[in-house]
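First comes the structure, then the notes that go with it.
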Amino acid sequence: MTAHVKPKALENFKARDFRMLIDGAWTQGAGSAIERVAPGHGVVVSRYPAGTKADAERAIAAARRAFDNGPWPNMTGAERSNILLKAADLIAARADELAFLDTIESGKPISQAKAELGGAVDIWRYAAALARDLHGESYNTLGDGTLGVVLREAIGVVSIITPWNFPFLIVSQKLPFALAAGCTTVVKPSEMTSGSTLVLGEILIEAGVPAGVVNIVTGTGPEVGSAMTTHPDVDMVSFTGSTGVGRLTMANAAQTLKKVSLELGGKNPQIVFPDADLDAFVDAAVFGAYFNAGECCNAGSRLILHTSIADDVTARIAELAKKVKVGDPLDPTTQVGAIITPQHLDKIGAYVDSASKAGASVALGGGALDLGLGQFMAPTILSGVKPDMAVAREEVFGPVLSVLTFDTTEEAIRIANAIDYGLSAGVWSRDFDTCLTIGRKVRAGTVWMNTFMDGASELPFGGYRQSGLGRELGRHAVEDYTETKTLNMHIGARTGWWMPR
Ligand code: NDP
């Protein structure tokens, strides 16, 4: 058993006690506390209330009142925009504190958490701009007496449920857009990484978001999340998490026919042709597989290499991967941090074992790393993986890279598409026709060409098939949180229906 050593940065650290935010007030709720043990350090770093169904119902009632009685939905776009811009400034001002919380609770490297905070600030500013540009359509072509106007109205109360792997970034891909539209919300962060979302609650109050507009209820999915997806007073559910819980969320929401937006898992292929810039690719492959310890929906966990380059490229990736710095998440030079829980580490190990038994070879790593801290996994490469193996089809959610091979472009496309997921993909070639063919034929929400995992607030993100439903980010992101209403207007009362006058 590993002895956990408190790193220097945590020597004087006292576990932080958080409260939930319901109707503008901070509350412990009636339940017990959830203790979060830092995955990278093995010590308790946060305690949040274990919210109950009753807490979720109080939060939903508050959000309902805040929506039905305003002022938030009735403000001008400019007023909402100004508040979101202020929130962005306050997030930027507290970025170090938020990044620290995400790091100690999730085990991700601090340098990465800081970069995610920078991205989140940009998203809040982008959503603030969209708040002023939400508009419908008008039809002046329906005849002399008729004018058609299509309105975009805030959909109402939105339940927002987020996972643990990008705690602050993912809530930032949802909440500012829902707020920009004029919605009110109940947010449930992961029970393992709720800290930064609760600090966001403080920030939003300071920025001027009225009571009840953003409620944050901590607790487990079956208790709190389930109430948030079934309650009749909720109009929409925006969920990011696993495909299994996404499916359950959709079934729960179906009882009252709520609108559902789902960002789910991925098993993302990178298809590599012999004419690619292989130096650039090898670097991107290592980053794509091991970023966030592979606990990333977008992980480039499935390489599909042309047979003629497969051995050489795999060896080069293994050489580079050996140099990746795995270690204390609080060390600013760390590139790969800890695995979220000991149970998850076991699950990743089981995937490696089953692939080995099925005939794959471990070209690098393959097991846990004992760093005398929390739980860590060695960057791992499996070669000789066949398309029907579990490790090639299922989301491992760890630092495990599977290498498959192809001979023809058609075969590469077939392998890439022969799974249930369709979140993202990459293609590497200097040939424009090759890149475009792959870009159009691979069924994924994002296809990167000669790059990987780049993103921007302007670019929509989401998945095909069982990777999700709907898109986040981009200029239509606010519209997702609206209803469409048609106003059909006549100049003077229309006459001449059935009966002549
Ligand atoms: P889970 O699906 O286990 O959990 C996601 C959220 O759903 C958590 O807040 C969880 O609560 C909650 N939840 C669990 N059960 C229920 C329920 N019955 N009703 C309502 N909510 C529930 O995912 P993880 O947290 O393990 O996150 C990893 C997954 O997220 C991966 O599959 C990954 O691919 C996906 N993901 C997708 C992204 C995308 O944009 N496509 C981005 C990032 C991650 P709790 O755990 O607190 O009990």
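In listed order, ligands and their atoms are each counted from 1.
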Problem - Option whose closest heavy atom lies nearest to atom 15 (N) of ligand 1, chosen from V245, T341, T240 - result: V245
Problem - Atom indices of ligand 1 within 4.0 angstrom of F461 heavy atoms, with elements - result: 40 (O)
Fill in the blank from the handout: Minimal heavy-atom distance between I216 and M20, with the atoms involved, is O-CB, 3.3 Å
Practice task
Please check if any side-chain donor atom of Y126 sits under 3.5 Å from a side-chain acceptor atom of E458, or the reverse.
Solution key: no
Completion exercise
At under 4.0 Å between heavy atoms, what of I161 touches ligand 1? The answer is side chain
Problem - Any V214 side-chain heavy atom under 4.5 Å of T185 side chain - result: yes
Problem - Structural part of N252 in contact with ligand 1, heavy atom criterion under 4.0 angstrom - result: neither
Practice task
Take every heavy atom of G219, measure it against each atom of ligand 1, and state whether any distance is under 4.0 Å.
Solution key: yes
Handout entry: Passing candidate, salt bridge (charged side-chain N to carboxylate O under 4.0 Å, His left out) with D480, options R475, K259, R152, K174
Key = K259
Exercise for the section: Run the numbers for me: atoms of ligand 1, each under 4.0 Å from some heavy atom of T162, listed by number. Expected result: 6 (C), 8 (C), 9 (O)
Problem - Check: F397 ring centre within less than 6.0 Å of Y351 ring centre - result: no
Handout entry: Under 3.5 Å side-chain donor-acceptor pair for T230 and N252
Key = no
Problem - Under-4.0 Å protein heavy-atom contact, atom 40 (O) of ligand 1 - result: yes
Practice task
Between R247, E263, K188, E191, flag the one that comes closest to atom 11 (O) of ligand 1 by a heavy atom.
Solution key: K188
Fill in the blank from the handout: Given the options N450, V286, L303, F281 meets side-chain contact (heavy atoms from CB on, under 4.5 Å) only with L303
Exercise for the section: Would you please say whether a donor-acceptor pair under 3.5 Å links the side chains of E191 and T220? Expected result: no
Exercise for the section: Please identify which atoms of ligand 1 are closer than 4.0 Å to at least one heavy atom of T220. Expected result: 48 (O)
Exercise for the section: Please check if any side-chain donor atom of D353 sits under 3.5 Å from a side-chain acceptor atom of S356, or the reverse. Expected result: no
Exercise for the section: Considering only non-hydrogen protein atoms, determine which one is nearest to atom 18 (N) of ligand 1 and report residue, atom name and distance to 0.1 Å. Expected result: L248 CD2, 3.3 Å
Exercise for the section: Using distance alone, with no hydrogens and no angle criterion, decide if E105 and Y48 have a side-chain donor and acceptor under 3.5 Å apart. Expected result: yes
Fill in the blank from the handout: Judged by heavy atoms only, the candidate from C297, S424, C296 nearest atom 38 (C) of ligand 1 is C297
Practice task
Return the residue, atom name and 0.1 Å-rounded distance of the protein heavy atom closest to atom 22 (C) of ligand 1.
Solution key: G221 CA, 3.4 Å
Handout entry: ligand 1-proximal atoms of Q173, by part, heavy-atom distance under 4.0 Å
Key = neither
Practice task
Write out the residue and atom name of the closest protein heavy atom to atom 34 (O) of ligand 1, then the distance separating them to 0.1 Å.
Solution key: E395 OE2, 2.5 Å
Completion exercise
Residue, atom and distance of the protein heavy atom nearest atom 26 (O) of ligand 1 read W164 NE1, 2.9 Å
Fill in the blank from the handout: If you scan protein heavy atoms around atom 27 (O) of ligand 1, the nearest is P163 CB, 3.2 Å
Handout entry: Sub-4.0 Å heavy-atom approach of G468 to ligand 1
Key = no
Exercise for the section: Ignoring angles and geometry beyond distance, decide whether T249 reaches within less than 3.5 Å of ligand 1 through its nitrogen or oxygen atoms. Expected result: no
Problem - F177 side chain reached by L130 side chain, heavy atoms, under 4.5 Å - result: yes
Handout entry: I170: numbered ligand 1 atoms lying under 4.0 Å from its heavy atoms
Key = 42 (C), 43 (C)
Problem - Presence of salt bridge, D420 and K267, under 4.0 angstrom - result: no
Problem - Nitrogen or oxygen atoms of S467 and ligand 1 under 3.5 Å apart - result: no
Exercise for the section: Starting from atom 37 (C) of ligand 1, find the nearest protein heavy-atom neighbour and note its residue, name and distance. Expected result: L264 O, 3.1 Å
Exercise for the section: Specify the protein heavy atom at minimum distance from atom 44 (C) of ligand 1: its residue, its atom name, and the distance to 0.1 Å. Expected result: N165 ND2, 3.2 Å
Practice task
Assess G463 for proximity to ligand 1: is some non-hydrogen atom of it under 4.0 Å away?
Solution key: no
Practice task
Name the closest protein heavy atom to atom 2 (O) of ligand 1, giving the residue it belongs to and the distance to 0.1 Å.
Solution key: S242 OG, 2.6 Å
Problem - No-hydrogen, no-angle side-chain donor-acceptor test under 3.5 Å, S106 and K108 - result: no
Handout entry: Numbering as shown, the atoms of ligand 1 that approach G225 to under 4.0 Å (heavy-atom distance)
Key = 19 (N), 20 (C), 21 (N)
Exercise for the section: State the atoms of ligand 1, each with its element, that fall below the 4.0 Å cut-off from a heavy-atom position in G265. Expected result: 34 (O)
Exercise for the section: Mark up the atoms of ligand 1 that fall under 4.0 Å of a heavy atom belonging to S226, in ascending order. Expected result: 19 (N), 20 (C)
Handout entry: Salt bridge R16-E97, side-chain N to carboxylate O under 4.0 Å
Key = yes
Problem - Atom indices of ligand 1 within 4.0 angstrom of S190 heavy atoms, with elements - result: 9 (O), 47 (O)
Handout entry: Modelled atom types, side-chain donor and acceptor of D454 and T451, under 3.5 Å
Key = yes
Exercise for the section: For S424 and W448, test the side chains for any donor-to-acceptor distance below 3.5 angstrom and give the result as yes or no. Expected result: no
